[in-house]
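To find a chain, count down the sequence lines: A is the first, B the second, and so on, and within it residues start at 1.
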2 protein chains.
Amino acid sequence: MNQALPAPTPPGATLEHLRARCATCSMHQLCLPMGLDMADMDRLDRIIGRRRKVARGGTLFRIGAPFGSLYAIRLGHFKTYQLNPDGAEQITGFQMAGELLGMDAISTDRHHCNAIALEDSEVCEIPFASLQQLLVDMPALLRHFHRMMSQEITREQGVMLLLGNMQATQRFAAFIVNLSSRYEARGYSPNSFQLRMSREEIGNYLGLTIESISRLLSKFKKEGLLRVSNREIELLNPARLKAITAGTQTCG
Amino acid sequence: MNQALPAPTPPGATLEHLRARCATCSMHQLCLPMGLDMADMDRLDRIIGRRRKVARGGTLFRIGAPFGSLYAIRLGHFKTYQLNPDGAEQITGFQMAGELLGMDAISTDRHHCNAIALEDSEVCEIPFASLQQLLVDMPALLRHFHRMMSQEITREQGVMLLLGNMQATQRFAAFIVNLSSRYEARGYSPNSFQLRMSREEIGNYLGLTIESISRLLSKFKKEGLLRVSNREIELLNPARLKAITAGTQTCG
DNA sequence: CGTAGTATTGAATGCGGTCAAGGCTGGTGG
DNA sequence: CCACCAGCCTTGACCGCATTCAATACTACG
């Protein structure tokens with residue numbers, strides 16, 4: 001937990017901030033501080049409550065819990081899900097480093113979904129009251145915050161398209177391609193990565209059953225589109241996967 | 001188009017503003033000016049570019065068009081839809097008076113969906129650049145704007161739940177109940193209203209076919225849940241409809 | 001090595017889609 | 001007034017995709 005030999009601390013920065021500052025975070029070009037100068041980034045750093053660790057399977061927030069903060073993922077992966085009145089889960093998204101959690105809670109001051117870590121993860125807690133004050137002073141931050149909320153709206157519209165209009169094969173291809181591009185944006189290989197979620201979670205998200213996902217994986221494997229080993233995925237023909245996503249015929 | 005006898009114009013207000021101001025708009029308790037005092041409402045009024053009429057079937061904005069303004073619906077109904085790469089439509093929402101259109105465009109400065117009037121409608125054009133300046137000065141407006149964006153996120157999550165988790169009967173019941181509550185919030189009867197959209201549009205939105213919608217309407221009619229005449233709908237057993245929405249068994 | 005959770009595969013079923021025919025409604029024009 | 005037409009809706013019969021049910025295999029972990 002504690003460093004044996006703390007590095008010299010520049011004025012105004014606590015040890016905590018030294019360990020994890022926006023400026024030194026690899027996600028700062030995707031996350032909330034995008035486009036801020038050093039001074040503004042520093043101001044943002046100072047309102048961040050704490051860097052919180054969430055163990056695999058741990059809960060970041062729960063439906064109905066009072067809303068106080070947004071959370072920027074520093075490291076790891078999360079899922080968010082809603083509950084049907086009858087208790088069934090619907091996963092509404094898988095979030096990765098650089099993405100913001102909790103924006104759906106602003107409307108009612110209560111969280112509307114559960115957020116669970118898919119692996120050991122770390123988030124930056126951003127108290128919303130403090131953020132609001134900062135937004136007034138920092139037009140660039142205001143603008144980017146609005147972009148991030150808007151992006152979430154757009155993302156969800158894409159899922160609606162997927163769930164409302166696409167066949168199983170198309171949905172699954174779109175899912176893989178989406179993950180691929182997000183890893184690419186983060187500097188990882190777009191063609192080789194690990195699924196952080198179970199088959200069941202993928203199926204739930206895509207409105208399909210676990211068996212369907214399993215069959216689709218086998219099918220794509222057989223067609224030479226993917227190499228699959230447990231949760232390790234390799235895209236052997238990304239262009240073709242994109243074509244399937246786009247609705248081009250899946251056979252041949 | 002023009003009034004024969006213009007009323008006396010108070011200082012700072014144009015004729016246009018006189019005819020349609022936030023303060024006198026029946027939607028101001030739901031719309032962007034919610035909770036503003038008269039002075040602030042007036043400032044908001046002054047940035048509103050114009051009140052624009054859109055005829056039934058007319059386009060408010062198109063996918064790819066540059067984003068300049070948000071639109072508050074003053075009167076009428078709209079649908080928004082996305083396009084599959086293969087050209088298929090997916091309706092992502094039906095919007096009514098007091099709701100805000102165009103928030104998905106903030107992220108990329110381009111619209112991500114088409115917005116079409118379902119009947120002769122009127123919107124208030126809110127130039128986004130001007131709105132941003134106002135947000136800095138008016139904390140209440142900033143807060144409510146964030147609430148409205150957040151609400152849109154929450155709404156879409158609800159649709160994801162519907163599309164990903166519910167059966168046809170449940171989806172359709174949820175759709176009717178949702179409309180009902182929105183009309184109620186606007187002071188209209190929750191149990192008797194007109195559908196502004198075709199069966200085909202309902203089906204598209206719910207991820208079902210027009211035939212399924214027709215069959216579901218007949219089924220609900222037969223079960224004494226609805227009275228239906230063309231697009232006129234009467235809810236005869238709202239409680240039961242809500243129960244179906246909640247996943248309670250649909251038979252018996 | 002045993003167990004629990006997770007994933008794969010096969011066979012049968014059923015919900016909602018597809019295809020097809022016909023009805024209703026509202027508008028237009030003879 | 002009625003005839004006609006186009007768009008929208010309803011209903012029926014059949015079909016197919018994804019689910020359900022069931023059995024088995026794999027993997028991680030003690």
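- Looking at B/Arg52 and B/Glu122, no side-chain N of the basic residue comes within less than 4.0 Å of a carboxylate O on the acidic one, giving no salt bridge.
- Residue-level contact check: B/Leu208 touches the backbone only, with heavy atoms under 4.0 Å from sugar-phosphate atoms and none from bases.
- B/Arg171 places its CZ atom 10 Å from the C1' atom of C/dG16, with the value rounded to the nearest Å.
- In this structure, the side chains of B/Tyr205 and B/Phe94 come closer than 4.5 Å at one or more pairs of heavy atoms.
- Straight-line distance from the CG atom of B/Leu216 to the P atom of C/dG16: 8 Å, rounded to whole Å.
- A straight line from CD of A/Glu232 to C1' of C/dA7 spans 16 Å, rounded to a whole angstrom.
- Atom pair B/Gln167:CD and C/dT13:C1' shows a separation of 14 Å (rounding to whole Å applied).
- No donor-acceptor pair closer than 3.5 Å links the side chain of A/Glu156 to the backbone N or O of A/Ile153.
- Note on A/Ser198: every side-chain N or O is 4.0 Å or more away from OP1 and OP2 of C/dG5.
- Side-chain contact between A/Ser212 and A/Phe172: absent, with no pair of heavy atoms (C-beta onward) separated by less than 4.5 Å.
- At least one side-chain nitrogen or oxygen of A/Ser218 sits closer than 4.0 Å to the OP1 or OP2 atom of C/dT9.
- At whole-Å resolution of the value, CZ in A/Arg199 and P in C/dG5 are 18 Å apart.
- Atom CG in A/Leu226 sits about 12 Å away from atom P in C/dT8, given to the nearest Å.
- The CE-C1' distance, from A/Met197 to C/dT6, rounds to 16 Å in whole Å.
- Ring to ring, B/Phe78 and B/Tyr71 are not that close: their centroids are 6.0 angstrom or more apart.
- Put simply, chain A comes within 4.0 Å of DNA chain D, heavy atom to any atom, from D/dA18 to D/dT27, going 5' to 3'.
- Salt bridge A/Arg56/A/Glu119: absent, no basic N to carboxylate O contact under 4.0 Å.
- The closest side-chain heavy-atom distance from A/Met160 to A/Leu163 is not below 4.5 Å.
- Distances shorter than 4.0 Å separate none of the side-chain N or O atoms of A/Arg215 from OP1 or OP2 on C/dT8.
- In this structure, B/Gly203 reaches neither bases nor backbone, as no heavy-atom distance under 4.0 Å exists between it and the strands shown.
- Counting only Watson-Crick and G-U wobble pairs whose two key distances fall under 3.5 Å, DNA chain C forms stems of three or more stacked pairs at C:1-30 with D:1-30.
- As judged by a 4.0 angstrom heavy-atom cut-off over every strand, B/Arg231 is placed among residues touching the sugar-phosphate backbone only.
- Ring orientation note: the planes of B/Tyr188 and B/Tyr183 are nearly perpendicular, at an angle over 60° on the 30°/60° scale.
- Proximity of B/Thr209 to the phosphate of C/dG17: a side-chain N or O atom is located under 4.0 Å from OP1 or OP2.
- The interatomic distance linking B/Met166 (CE) with C/dG16 (C1') rounds to 17 Å, in whole Å.
- Residue A/Ser214 is classed as a base contact, given a heavy-atom separation below 4.0 Å to a base.
- Contact of the A/Met148 side chain with the A/Glu99 side chain is not registered, since no non-hydrogen atoms from C-beta on lie closer than 4.5 Å.
- Residues A/Leu241 and A/Leu226 meet the side-chain proximity criterion, which asks for heavy atoms closer than 4.5 Å.
- The side chain of B/Glu211 approaches C/dT18 more closely than any other nucleotide in the set C/dC15, C/dT9, C/dT18.
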